[in-house]
Peer 1: 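To start, I am sharing the structure in question, which I have written as structure tokens.
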Amino acid sequence: MKVISEDMQSKMDEVNHTMVSEFILWGLASSQRVEVLLFVVFLMLYLLIVSGNIVILVLITTDPHLHSPMYFLLANLSFIDMWLSSVTTPKMITDFLRENKTISFAGCMSQVFFAHCIAAGEMVLLVVMAYDRYVAICKPLHYFTIMNLKRCTGLVFTSWTTGFVHAMSHLIVIVELPFCGPKEIDSFFCDMPLVIKLACMDSRDLDVLMNADCGLVAVTCFILLLISYTYILITVCQSSKAGASKAMNTCTAHITVVLIFFVPCIFIYVWPLNITWLDKFLAVFYSVFTPLLNPAIYTMRNKEMKNAMKRFISNYLGHKGNF
């Protein structure tokens, strides 16, 4: 009887571990009035993110003056940014109008996978963009030979592959964790550290391991970026004033984007502060404001993008006026 009862208990535990079919998200606010206000604000921000990045993609695709390696990589960054925000923001926006904020187990795992896949891909892409600027400024005579279409495509493919492998390494581990409750997540989306805490086991070692995995990608990319921009700044300081000014303009935009993207990532995954309100703020900044600021920085600080916008508007209005 004792053996039977142990077997039954084992089966019951197994059933309990697979009973969690959905998770409850606590969201950003508890007040209904605040949530309605946040719904309006974040809906407008998300529409700006999507429209802003689409504008950059259209300009780079249609304007022959922007058919260069730098803008090819910028178009890919805009594409990634659009999806980085789309992983979590639409769900967050719709949840502002819902009393019961739930997400299915499959939906939760999808958010974990795509958030890490796209974020790791963007980190590598930012390194590729820094390498592109390094070649353009430090080896200008060989720029188009080194940064040809085949190499650019290969580097973009490498960024996506790195993101996929990184995300799969998380997903394979998290999907197999035993979840039997509690199932509340104090955030607006399923993030890897928060999901791990819900596992029915001592997850401290696993949490450290997963953060180390994120840290390896983030810190490696950040070091490569520092090396690239150090070489660039040294070269710029030795160049002519006109060339240095243009190079510094481009690099300042790149460095600003790098800092905006990496600082929240470091404090969420590599060096977590474990302060709930700060974690939520960083998560919002990382998933909403970063994809919004990137197109703004690149278009407002870039003379060629401004000119491309003017050409696009004049051509469009010119054609409209002919009818």
Peer 1: Starting from Val263, can I reach Leu293 by hopping between I/L/V/M/F/W/Y residues whose side chains sit under 4.5 Å apart?
Peer 2: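 Yes, Leu293 and Val263 fall within the same hydrophobic cluster.
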Peer 1: Short question: side chain of Asn148, backbone of Phe144 - any donor-acceptor pair under 3.5 Å?
Peer 2: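 It does not hold such a pair.
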Peer 1: Heavy atoms only: give me the nearest Ile49-Pro291 pair and the separation to one decimal.
Peer 2: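 Closest approach of Ile49 to Pro291: CG2-CB, 3.8 Å.
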Peer 1: Find out whether Phe23 and Thr102 are in side-chain contact, i.e. whether some heavy atom of one side chain is under 4.5 Å from a heavy atom of the other.
Peer 2: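 Not touching, per the 4.5 Å side-chain cut-off.
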Peer 1: Might you point out which heavy atoms bring Thr62 and Pro64 nearest each other, and give the distance in Å?
Peer 2: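 For Thr62 versus Pro64, the nearest heavy atoms are O-CD, 3.3 Å.
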Peer 1: Name all residues meeting the side-chain hydrogen bond (donor to acceptor under 3.5 Å, both in side chains) criterion together with Tyr134; count only those two or more places apart in sequence or in a different chain, and write none if there are none.
Peer 2: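 Applying side-chain hydrogen bond (donor to acceptor under 3.5 Å, both in side chains) to Tyr134 gives none.
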Peer 1: Using a 4.5 Å cut-off between side-chain heavy atoms of Ile, Leu, Val, Met, Phe, Trp and Tyr, which other residues end up in the same hydrophobic cluster as Ile24?
Peer 2: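 Noted: Ile24 shares its cluster with Trp26.
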Peer 1: Might you point out which heavy atoms bring Ile232 and Ala130 nearest each other, and give the distance in Å?
Peer 2: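 That closest heavy-atom pairing would be CD1-O, 3.8 Å.
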Peer 1: With sequence neighbours excluded, give me every salt bridge (charged side-chain N to carboxylate O under 4.0 Å, His left out) pair touching residues 164-175.
Peer 2: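 Pairs touching residues 164-175 that pass the test: none.
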Peer 1: Stepwise, does the side chain to side chain contact (heavy atoms under 4.5 Å, CB included) test hold for Leu224 with Tyr131?
Peer 2: CA-CA 9 Å; Leu224 290 172; Tyr131 174 69; over 6 Å; no
Peer 1: If Ile, Leu, Val, Met, Phe, Trp and Tyr residues are connected whenever their side-chain heavy atoms lie under 4.5 Å apart, and connections chain through other members, are Ile56 and Ile313 in the same group?
Peer 2: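 Yes, one cluster joins them.
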Peer 1: Can you list every salt bridge (charged side-chain N to carboxylate O under 4.0 Å, His left out) pair that touches residues 136-150, not counting sequence neighbours?
Peer 2: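 For residues 136-150: none.
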Peer 1: Would you indicate whether Glu184, at its atom CD, is surrounded by more than 12 heavy atoms from other residues, nucleotides or ligands within a distance under 6.0 Å?
Peer 2: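 Yes, because the 6.0 Å sphere around CD of Glu184 holds more than 12 heavy atoms from other groups.
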Peer 1: Mind jotting down which residue pairs meet the disulfide (SG to SG under 2.5 Å) criterion with at least one end in residues 124-166? Sequence neighbours excluded, please.
Peer 2: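 Counting only pairs at least two positions apart or across chains, no disulfide (SG to SG under 2.5 Å) contact touches residues 124-166.
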Peer 1: Can you tell me if Thr220 uses its side chain to pair, donor with acceptor, with the backbone of Val217 under 3.5 Å?
Peer 2: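 It does not hold such a pair.
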Peer 1: Please identify each residue that fulfils side-chain hydrogen bond (donor to acceptor under 3.5 Å, both in side chains) with Thr89, with sequence neighbours left out.
Peer 2: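 side-chain hydrogen bond (donor to acceptor under 3.5 Å, both in side chains) check on Thr89 returns Ser85.
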Peer 1: Of the non-hydrogen atoms in Leu59 and Leu66, which two are nearest, and what is the gap between them?
Peer 2: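 In this case the closest contact between Leu59 and Leu66 is O-CD1, 3.8 Å.
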Peer 1: Do any pairs count as a disulfide (SG to SG under 2.5 Å) and have a residue in residues 34-105, sequence neighbours left out, and if so which ones?
Peer 2: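 Non-adjacent pairs meeting disulfide (SG to SG under 2.5 Å): zero.
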Peer 1: Is the ring pair His170/His166 parallel, tilted or perpendicular, if the boundaries are 30 and 60 degrees?
Peer 2: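 Ring orientation of His170 relative to His166: perpendicular.
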Peer 1: Restricting to pairs with a member in residues 199-223, which pass ring pair (Phe, Tyr, Trp, His ring centres under 6.0 Å), not counting sequence neighbours?
Peer 2: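 Qualifying pairs, neighbours excluded: Phe222-Phe262.
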Peer 1: Can you tell me how far the CE atom of Met305 sits from the NE2 atom of His65, to the nearest 0.5 Å?
Peer 2: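 Separation between the atoms: 14.0 Å.
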Peer 1: Taking everything shown except Trp160 itself, do over 12 heavy atoms lie less than 6.0 Å from its CH2?
Peer 2: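 Yes, CH2 of Trp160 has more than 12 neighbouring heavy atoms, counting only those of other groups under 6.0 Å.
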Peer 1: Do Phe188 and Leu97 belong together in a cluster built from hydrophobic side chains that touch within less than 4.5 Å?
Peer 2: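 Yes, same cluster.
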Peer 1: I'd like to know if the side chain of Ser187 and the backbone of Leu194 have a donor-acceptor N/O pair within less than 3.5 Å.
Peer 2: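 Side chain of Ser187 to backbone of Leu194: no pair is present.
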Peer 1: Taking OH in Tyr229 as the centre, count heavy atoms belonging to other residues, nucleotides or ligands within less than 6.0 Å. Is the count above 12?
Peer 2: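 Atom OH in Tyr229 is crowded, with more than 12 foreign heavy atoms closer than 6.0 Å.
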Peer 1: Go through the steps for Phe179 and Met201 under the test side chain to side chain contact (heavy atoms under 4.5 Å, CB included), then give the verdict.
Peer 2: CA-CA 9 Å; Phe179 295 105; Met201 55 178 281; over 6 Å; no
Peer 1: Say whether Asp213 and Ser169, considering side chains only, have a donor N or O and an acceptor N or O under 3.5 Å apart.
Peer 2: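 There is such a pair between these side chains.
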Peer 1: Is the closest side-chain heavy-atom distance between Val128 and Val156 below 4.5 Å?
Peer 2: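 A side-chain contact under 4.5 Å is absent here.
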Peer 1: Between Asp95 and Phe189, is the side chain to side chain contact (heavy atoms under 4.5 Å, CB included) condition met? List the steps.
Peer 2: CA-CA 10 Å; Asp95 278 348; Phe189 76 109; over 6 Å; no
Peer 1: Does His142 have more than 12 heavy atoms from other residues, nucleotides or ligands lying within 6.0 Å of its NE2?
Peer 2: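 Check fails, neighbour count at 12 or below.
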Peer 1: Please round to the nearest 0.5 Å and tell me the distance separating atom CD1 of Ile60 and atom CZ of Phe72.
Peer 2: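 Atom-to-atom, Ile60:CD1 and Phe72:CZ are 10.5 Å apart.
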Peer 1: For the CE atom of Met210 and the CD1 atom of Ile174, what is their distance to the nearest 0.5 Å?
Peer 2: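 Output value for this atom pair is 7.0 Å.
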Peer 1: Count the heavy atoms of every other residue, nucleotide or ligand shown that sit under 6.0 Å from CZ of Phe285, and state whether that count exceeds 12.
Peer 2: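 Enclosed: over 12 neighbouring heavy atoms sit under 6.0 Å from CZ of Phe285.
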Peer 1: Which pairs would a plain distance check flag for residues 105-113, meaning a side-chain donor or acceptor within less than 3.5 Å of a matching protein atom at least two apart in sequence or in another chain?
Peer 2:
| unit_1 | atom_1 | unit_2 | atom_2 | d |
| --- | --- | --- | --- | --- |
| Ser110 | OG | Ala106 | O | 2.8 |
| Gln111 | OE1 | Cys190 | N | 2.8 |

Peer 1: Look up atom OH in Tyr46 and atom OG in Ser287, then write down how far apart they are to the nearest 0.5 Å.
Peer 2: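 So the OH of Tyr46 and the OG of Ser287 are separated by 11.0 Å.
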Peer 1: At what distance, to the nearest 0.5 angstrom, does CG of Asp191 lie from NZ of Lys280?
Peer 2: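 Spacing of CG (Asp191) from NZ (Lys280) equals 12.5 Å.
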Peer 1: Apply side chain to side chain contact (heavy atoms under 4.5 Å, CB included) to residues Leu77 and Asn53 and explain how you reach the verdict.
Peer 2: CA-CA 9 Å; Leu77 180 66; Asn53 283 296; over 6 Å; no
Peer 1: Verify the cluster assignment for Leu47 and Val58: are they in a single hydrophobic cluster under the rule of side-chain heavy atoms below 4.5 Å apart?
Peer 2: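 Looking at the clustering, Val58 is in the same group as Leu47.
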Peer 1: Answer whether the closest heavy-atom distance between the side chains of Phe114 and Trp83 falls below 4.5 Å.
Peer 2: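 With C-beta onward as the side chain, the pair stays apart.
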Peer 1: Quick test of your reading: applying salt bridge (charged side-chain N to carboxylate O under 4.0 Å, His left out), list the pairs with at least one residue in residues 160-179, sequence neighbours left out, ordered by first then second residue.
Peer 2: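 As it turns out, there is no salt bridge (charged side-chain N to carboxylate O under 4.0 Å, His left out) pair with a partner in residues 160-179 once direct neighbours are skipped.
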Peer 1: Does the side chain of Met147 reach to within under 4.5 Å of the side chain of Leu155, using non-hydrogen atoms?
Peer 2: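 Yes, their side chains come closer than 4.5 Å.
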Peer 1: With a 3.5 Å cut-off and sequence neighbours excluded, list the donor-acceptor pairs that the side chains of residues 33-42 form with protein atoms.
Peer 2:
| unit_1 | atom_1 | unit_2 | atom_2 | d |
| --- | --- | --- | --- | --- |
| Glu35 | OE1 | Lys101 | NZ | 3.4 |
| Glu35 | OE2 | Lys101 | NZ | 2.9 |

Peer 1: Applying salt bridge (charged side-chain N to carboxylate O under 4.0 Å, His left out) as the test, list every pair that has at least one member in residues 57-72; sequence neighbours left out.
Peer 2: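 As it turns out, the salt bridge (charged side-chain N to carboxylate O under 4.0 Å, His left out) pairs with a partner in residues 57-72, which skip direct neighbours, are Asp63-Arg311.
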Peer 1: Counting only heavy atoms not in Phe164 (residues, nucleotides, ligands), do more than 12 fall under 6.0 Å from its CZ?
Peer 2: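 Not buried by this count: 12 neighbours or fewer within 6.0 Å.
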Peer 1: What are the two closest non-hydrogen atoms of Asn76 and Leu125, and how far apart are they?
Peer 2: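 What the structure gives for the nearest pair is C-CD2, 3.8 Å.
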Peer 1: Quick check: closest heavy atoms across Lys91 and Ile103, and the distance to 0.1 Å?
Peer 2: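 Result for this residue pair: CE-CB, 4.1 Å.
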Peer 1: Is Met129 linked to Phe157 within one hydrophobic cluster, defined over Ile, Leu, Val, Met, Phe, Trp and Tyr using a side-chain heavy-atom separation of less than 4.5 Å?
Peer 2: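 In one cluster: no.
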Peer 1: Can you tell me how far apart CG (Asp132) and OG (Ser68) are? Round to the nearest 0.5 Å.
Peer 2: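 Interatomic distance, Asp132 CG to Ser68 OG, rounded to 0.5 Å: 7.5 Å.
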